[in-house]
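This report refers to the structure that appears directly beneath it.
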Amino acid sequence: MTGKDETITLIGAGLNGPLLAVELRKRGFKVEIYERRPDMRRVRMSAGRSINLAISTRGIHALTRAGLWDEMRKIIIPMRGRMMHSASSELTFQPYGKDETEVINSISRAELSIALMNAAEEQGVKIHFQRRCLGMDLKSGELLMRDEESGTERCVDSTAVIGCDGSASAIRGAMLKRNRFNYSQQYLDYGYKELTIPAGSGGKHQIEKNALHIWPRGNYMLIALPNVDGTFACILFLPFEGKDSFEKMVSRSAVTEFFEARFPDVVPLMPDVADNFFANPTGSMVTVKCAPWHVAGRALLLGDAAHAIVPFFGQGINCGFEDCTVLLELLDQHGPEWEKVFGEFEQARKNNTDAIADLAVENFVEMRDRVADPRFLLRKKLELALEALYPRQFVPKYSMVTFHRIPYMIARKRGEQQERILAELSERIDRVEDADWKRADELIRGQLAPLEMS
Ligand SMILES: Cc1cc2nc3c(=O)[nH]c(=O)nc-3n(C[C@H](O)[C@H](O)[C@H](O)COP(=O)(O)OP(=O)(O)OC[C@H]3O[C@@H](n4cnc5c(N)ncnc54)[C@H](O)[C@@H]3O)c2cc1C
């Protein structure tokens, strides 16, 4: 058992690390963070780290508890729905939720990370930059650290270590060497590339500001999220190989021709598309599942280190911040009995993080392909109409995941049940008004118990 005078060591000052550090300091613990990168507040950020994130209810809940959400509000842009751009440049807007309160919030990953690091340091957390964790002796609790500037290595003693070191976690690497550690990683055949739409004249957004823009093209897609400075952070998701793929983008002309043919309305917005394209690396996307997440009371994995997911439900950090909420609730309940806290944390989270990992993969098909299908749009409208009639029974899957804190596992199961109901009700109609409301009532009352909402 660790007393409050002992130091808790966090590996990784990305997003989960500093948020957790703020909360642990507030509870009186000494906290140190080791981060392999230089301090991005002092060193120019490397290309490929300018992704925007969509923060929603689970993330907002955790930030509010930490007293940070009011500050974050200044650097977010609410997105009320998806703005679809067809191949012929037609626009269709599809709201995310039932009203103006159900929005997702675009935030720059770098700005969020900086705000969280500032908050952690204000609380007295020491962040050691350019200190890469090389491994951990899980018996003694000793960490091996390398100073990335000088190349020197040294051991750091620690009683409790929390690996917040992302999808390629070194702490998970140490756990992998143990007997009976379960591990799987599944890469998508798709990569991603960050691009930017610059601000228009007077720093104005060149396209609708309060929307997440999607250019769905069946097998691939482009998305754009607004920034407060009038720019849009875009991500192109494309297969690594095949007809329209990263392997074909070998020259400036190949990139320009691809954009002119597939995303004609983007070309005037992004005049330097080829420069943009080649300035950034191509990222890969992986789902990581593993267990157990903890070793005695000495080490725990949290966030992407425990469960990296693909980005298509916009839940990676929302899920990670929810991890922090659950861990802190258990800590408040049990005190620093780390073995108990870590064990119960994994029990509470593992099934739920597995569920969102699967939902995120499924949502890729929805975003790149189905959002352009009129039958899908009809179902979406029908979902919202049913939610208005049965607000505690029929909550769309997207809303359960994004606008509520309903456990992901329940959201997945209910989502499947609701999908079957929607399939039946939308089978022979072309307009929501023509739905068989009597049958809807029978199905919903017969199959869906009221949800516990939070
Ligand atoms: C293209 C893309 C789009 C996304 N969009 C969304 C979205 O819209 N909404 C959402 O909720 N999530 C989104 N995500 C997911 C989100 O970015 C991650 O879930 C989140 O960053 C995980 O936070 P983390 O703190 O666990 O890990 P990270 O943010 O990866 O931070 C880990 C930190 O640990 C450091 N580190 C790594 N190894 C070591 C080591 N050995 N020693 C010391 N330090 C180390 C790293 O430098 C890093 O700073 C997206 C991800 C991608 C790739």
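Throughout, residue positions are numbered sequentially from 1 according to the sequence presented. All ligand and atom numbering here is 1-based and tracks the order in the structure. Because only heavy atoms are used, hydrogens play no part in the values below, and waters and symmetry mates are left out as well, while side chains stay in.
- A pairwise comparison of heavy atoms in Leu188 and Phe240 identifies O-CE1, 3.9 Å as the closest pair.
- Within the 4.0 Å heavy-atom criterion, the part of Gln315 lying near ligand 1 is the backbone and not the side chain.
- Around atom 19 (O) of ligand 1, the closest heavy atom drawn from Ile356, Asp304, Asn318 belongs to Asp304.
- In terms of polar-atom proximity, defined here as any N/O pair under 3.5 Å, Ala305 makes no such contact with ligand 1.
- The aromatic ring centres of Phe313 and Tyr398 sit less than 6.0 Å apart.
- Every atom of ligand 1 is numbered from 1 in the order shown, and the set under 4.0 Å from a heavy atom of Arg132 is 41 (N), 42 (N).
- Annotation for ligand 1: atoms under 4.0 Å from non-hydrogen atoms of Tyr34 are 43 (C), 44 (N).
- When heavy-atom distances to ligand 1 are checked against a 4.0 Å cut-off, Ile51 comes that close only through its side chain, counted from C-beta outward.
- Listed here is the closest heavy atom pair of Glu346 and Pro292: OE2-CA, 3.3 Å.
- In this structure, Arg58 satisfies the cation-pi test against Tyr408, with its NZ or CZ atom closer than 6.0 Å to the six-membered ring centre and inside 45 degrees of the ring normal.
- Those atoms of ligand 1 that come under 4.0 Å of a heavy atom in Ala170, given as number and element, are 41 (N).
- When each atom of ligand 1 is checked for a heavy atom of Asn16 under 4.0 Å away, the hits are 23 (O), 24 (P), 25 (O), 26 (O).
- Here is the list of ligand 1 atoms found below 4.0 Å of a heavy atom in Gly12: 33 (C), 34 (O), 35 (C).
- Within the listing of ligand 1, atoms 42 (N), 43 (C) sit less than 4.0 angstrom from a heavy atom of Ile11.
- Contact annotation: Gly320 has no heavy atom less than 4.0 Å from any atom of ligand 1.
- Interface atoms of ligand 1 facing Gly14, defined by a heavy-atom separation under 4.0 Å, are 31 (O), 33 (C), 49 (O).
- The pair Lys289-Asp358 meets the salt-bridge criterion, with a side-chain N (NZ, NE, NH1 or NH2) lying under 4.0 Å from an Asp/Glu carboxylate O.
- At a heavy-atom cutoff of 4.0 Å, ligand 1 is contacted by both the backbone and the side chain of Cys133.
- Here Asp244 does not pair with Lys248 in a salt bridge; the nearest charged N to carboxylate O distance is not below 4.0 Å.
- Atom numbering of ligand 1 starts at 1 in the shown order; those under 4.0 Å from a heavy atom of Gly316 are 10 (C), 11 (O), 12 (N), 15 (C), 19 (O).
- When the heavy-atom distances from atom 2 (C) of ligand 1 to Cys324, Gly163, Pro311 are ranked, the shortest goes to Pro311.
- In this structure, the side chain of Thr353 engages the main chain of Arg349 through a donor-acceptor pair within 3.5 Å.
- Two rings, from Phe321 and Trp69, have their centers 6.0 Å or more apart.
- Residue-to-ligand polar distances place Gly314 within reach of ligand 1: an N/O pair is separated by less than 3.5 Å.
- Look at Arg131 and you'll find a heavy atom under 4.0 Å from some atom of ligand 1.
- Between Val161 and the choices Ile171, Leu300, Thr7, Leu10, the side-chain contact (heavy atoms from CB on, under 4.5 Å) rule is met once, by Ile171.
- Between Ile235 and ligand 1, a contact under 3.5 Å exists for no N or O pair.
- For the pair Arg36 and ligand 1, the shortest N or O to N or O distance falls below 3.5 Å.
- The shortest N or O to N or O distance between Tyr192 and ligand 1 is not below 3.5 Å.
- Judged by distance alone, the side chain of Glu419 and the main-chain N or O of Gly415 form no donor-acceptor pair under 3.5 Å.
- For CD of Glu71, the number of neighbouring non-hydrogen atoms (other residues, nucleotides, ligands) closer than 6.0 Å is 12 at most.
- At a 3.5 angstrom cut-off on N or O pairs, Phe237 does not count as close to ligand 1.
- The pair Glu100-Arg80 counts as a salt bridge, with a side-chain nitrogen and a carboxylate oxygen less than 4.0 angstrom apart.
- Relative to atom 11 (O) of ligand 1, the option among Leu10, Ile55, Ile317 with the closest non-hydrogen atom is Ile317.
- Aromatic rings of Phe263 and Phe258 (six-membered ring for Trp) have centroids within the 6.0 Å cut-off, being under it.
- Ring pair Phe129/Tyr34: centre-to-centre distance not below 6.0 Å.
- Considering Leu302, Val310, Leu53 only, the shortest heavy-atom separation from atom 14 (N) of ligand 1 involves Leu53.
- Between Arg109, Met40, Lys193, Glu148, it is Arg109 that holds the heavy atom closest to atom 17 (O) of ligand 1.
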